[in-house]
S.K.: 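Below you will find the structure I want to go over with you.
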Amino acid sequence: LEEGARACLLRFRQRLEQDIKPSYLMDHMISDGVMTGDEEERIRTQDQAAALLELLLGKGNCAYISFYNALIREAYDDLANLLHADLPQVLSDAHKSSSDGSTSYVQAVLSEGGVPQRPVVFVSRPELVNQIREKLYHLQKESGWVTIFGMAGSGKSVLAAEAVRNHGLIEECFPGGIHWLSIGQLEKPDLLVKIQSLCFRLEQSLDSQSFHRTPNSLDEAKERLRFLMLRRYPRSLLILDDIWDSTVLKVFDIQCRILLTTRNRSLTDSVSGMCSVLSSFLLLGLDDKKGLEILALYTNTKPQGLPEEARSIVRECKGSPLVVSLIGALLKEKPNRWRYYLIQLQQKQFKRIRKSSSYDYDALDQAMAASIEVLPEEHQELYKDLTVLEKDVKIPAKVLSILWDLELEDVEDILEEFANKSLLFVDSHSKPYLYYLHDLQLDFLVEQNRTQLESLHAKVVHQYQHFYRDGPPTSGDEECFYWIRFLTYHMAKANLSKELYSLMFSLDWVSIKAQIMGPAPLINDYVEYGPILDEENSEVRSQFQEFLSLNGHQLEQRPFPDVVQLALSQPYASEVYRQALQQAQERASTG
Ligand code: ADP
């Protein structure tokens with residue numbers, strides 16, 4: 001640590017120890033890579049503020065800068081002020097370039113602007129970074145917005161920081177600097193505080209001695225920021241990390257250059273009204289290779305040397321950088337637990353997979369919960385209903401219009417809202433559109449609504465029964481397909497055994513399901529729900545099953561055979577025969 005910085009820490013030690021809340025600051029410092037989880041743990045067991053300062057004194061310049069940035073981010077402006085004069089000069093051998101275009105000039109600009117450093121373990125995503133840089137170059141001559149959209153933990157912030165870590169880009173497009181502002185989910189007063197501290201930071205970096213009144217309302221803050229960005233920091237980039245809603249965005253509608261990250265795709269629409277230059281990116285998970293690279297880095301092995309569970313872990317969490325990193329960090333401590341963590345992941349015991357870096361939320365489940373909480377209450381309830389969907393099954397809006405008892409158009413609007421918040425995915429290649437959840441989202445919902453699973457499934461069955469009072473749908477479209485395929489599943493999960501018997505011990509149902517889906521899924525139902533059916537009548541169950549096995553090939557024929565005719569060749573004692581006979585007689589009597 002530089003002498004001046006050291007002296008400064010010592011001088012203000014008492015004041016700092018009194019005022020700071022170390023846990024938040026440490027989060028930032030860990031994410032800047034200047035502090036380890038172990039060090040954090042150790043500090044937690046002592047007088048935290050004192051221990052943190054002690055640690056800082058033993059560390060280098062980067063730690064000091066990171067601590068300074070953390071103070072700013074946590075709105076300790078007066079304390080940051082004390083440290084500012086002695087910020088180590090990292091500008092010295094400015095233009096010495098390293099391979100990735102990051103020089104100490106770049107480092108200095110980024111740390112001055114509070115841009116987070118790379119996570120300790122980091123893999124590059126060059127195509128994405130280049131695409132974003134290319135769009136940022138469009139902001140060279142005019143103001144505009146670039147937005148990165150994706151699920152919680154998909155690596156948006158890391159990517160945004162990476163995109164600007166480039167000498168050429170900063171020099172050519174943003175010589176005025178890069179200013180990072182973490183927004184997150186917040187209320188208006190908090191937003192005001194954030195902007196106040198941004199203005200403060202911007203004013204402080206100017207040499208001028210002039211002192212400004214702190215803006216006291218959002219409008220005032222907006223004007224102040226507009227002035228600073230336009231007059232004092234022309235050609236600079238403002239990075240707004242993790243914006244949740246459009247009212248926040250409006251405050252930044254000040255004709256400057258902005259890079260924005262969000263989980264809420266519909267924000268893009270609000271932005272488009274504000275500027276002419278707008279580009280947006282959707283961020284998906286890592287591919288296998290990158291995911292494995294992260295695990296290899298954490299565990300200090302070569303990707304080829306990873307155990308077979310590694311690939312399953314990456315696949316299981318669909319390449320989520322957040323989850324892969326969380327597990328990587330755990331494996332670093334306990335390298336023998338590959339299988340154990342894979343199973344935990346499969347069994348969705350997220351709670352044990354705790355945070356190991358300064359991610360804003362303790363674990364993925366909290367990130368999900370936060371996304372859900374911002375939905376209007378009635379939509380939260382509707383989202384909960386999705387808990388009962390099977391993994392990897394895509395459904396049309398019509399199914400939900402029955403489940404929710406809403407008009408199709410309303411359902412489509414709601415689903416669009418969910419999709420915009422990354423809470424749901426849309427397969428727009430099919431007509432009608434099909435909707436589905438990410439595996440992790442379903443796991444999360446199941447975990448959260450564990451005690452209500454039965455009643456949620458029961459709701460599906462009851463809504464179906466209400467809507468299809470006069471008999472099952474037979475149209476053969478996606479919606480009909482869903483009910484015919486999954487009705488039995490919902491009944492079984494809802495513990496509605498009576499409903500399940502009466503459906504599966506009915507020749508009509510057998511005939512409809514076989515016609516729409518072929519005999520295999522039907523036979524499968526009898527096997528899967530055999531134990532439940534047998535409680536009512538194991539003989540009838542085996543009679544139906546036998547009928548299906550014997551006539552399987554016939555039931556695959558098209559045109560579809562007359563099931564009553566087929567069933568009449570069953571033994572007289574069989575329930576299948578009894579129902580067929582009854583239907584034949586009815587047919588005869590009605591002519
Ligand atoms: P988001 O902003 O989309 O919520 P972040 O960018 O904060 O996601 O990333 C979440 C976590 O995922 C990071 O804390 C880090 O551990 C991990 N991560 C993201 N991108 C990378 C990467 N390129 N290499 C290694 N880890 C990454």
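Please read these numbers as outputs of a predicted model, since none were measured by experiment. In listed order, ligands and their atoms are each counted from 1.
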S.K.: Compute the ring centroids of Y383 and F418, then answer whether they are less than 6.0 Å apart.
M.R.: yes
S.K.: For ligand 1, is there an N or O atom under 3.5 Å from any N or O atom of L159?
M.R.: no
S.K.: What are the atoms of ligand 1, with element, lying closer than 4.0 Å to any heavy atom of L322?
M.R.: 11 (C), 12 (O)
S.K.: Report the residue from L382, I414, V411 that forms a side chain to side chain contact (heavy atoms under 4.5 Å, CB included) with L400.
M.R.: V411
S.K.: In the structure I gave you, are the side-chain heavy atoms of W180 and S157 within less than 4.5 Å of one another anywhere?
M.R.: yes
S.K.: Please could you name the atoms of ligand 1 that M151 approaches to less than 4.0 Å, counting only its heavy atoms?
M.R.: 3 (O)
S.K.: Does any part of the side chain of R315, heavy atoms only, come nearer than 4.5 Å to the side chain of D288, both counted from C-beta?
M.R.: yes
S.K.: Heavy atoms only: which of S325, S157, G328 is nearest to atom 15 (C) of ligand 1?
M.R.: S325
S.K.: Would you say the side chain of Q452 lies within less than 4.5 Å of the side chain of K384, judging by non-hydrogen atoms?
M.R.: yes
S.K.: Hey, is E39 close enough to K59 for a salt bridge, meaning N to O under 4.0 Å?
M.R.: yes
S.K.: Among I294, V123, V158, I148, which one has a heavy atom closest to atom 6 (O) of ligand 1?
M.R.: V158
S.K.: For ligand 1, which atoms sit closer than 4.0 Å to a heavy atom of K156?
M.R.: 1 (P), 2 (O), 3 (O), 4 (O), 6 (O), 8 (O)
S.K.: Has ligand 1 got any nitrogen or oxygen that is less than 3.5 angstrom from a nitrogen or oxygen of S154?
M.R.: yes
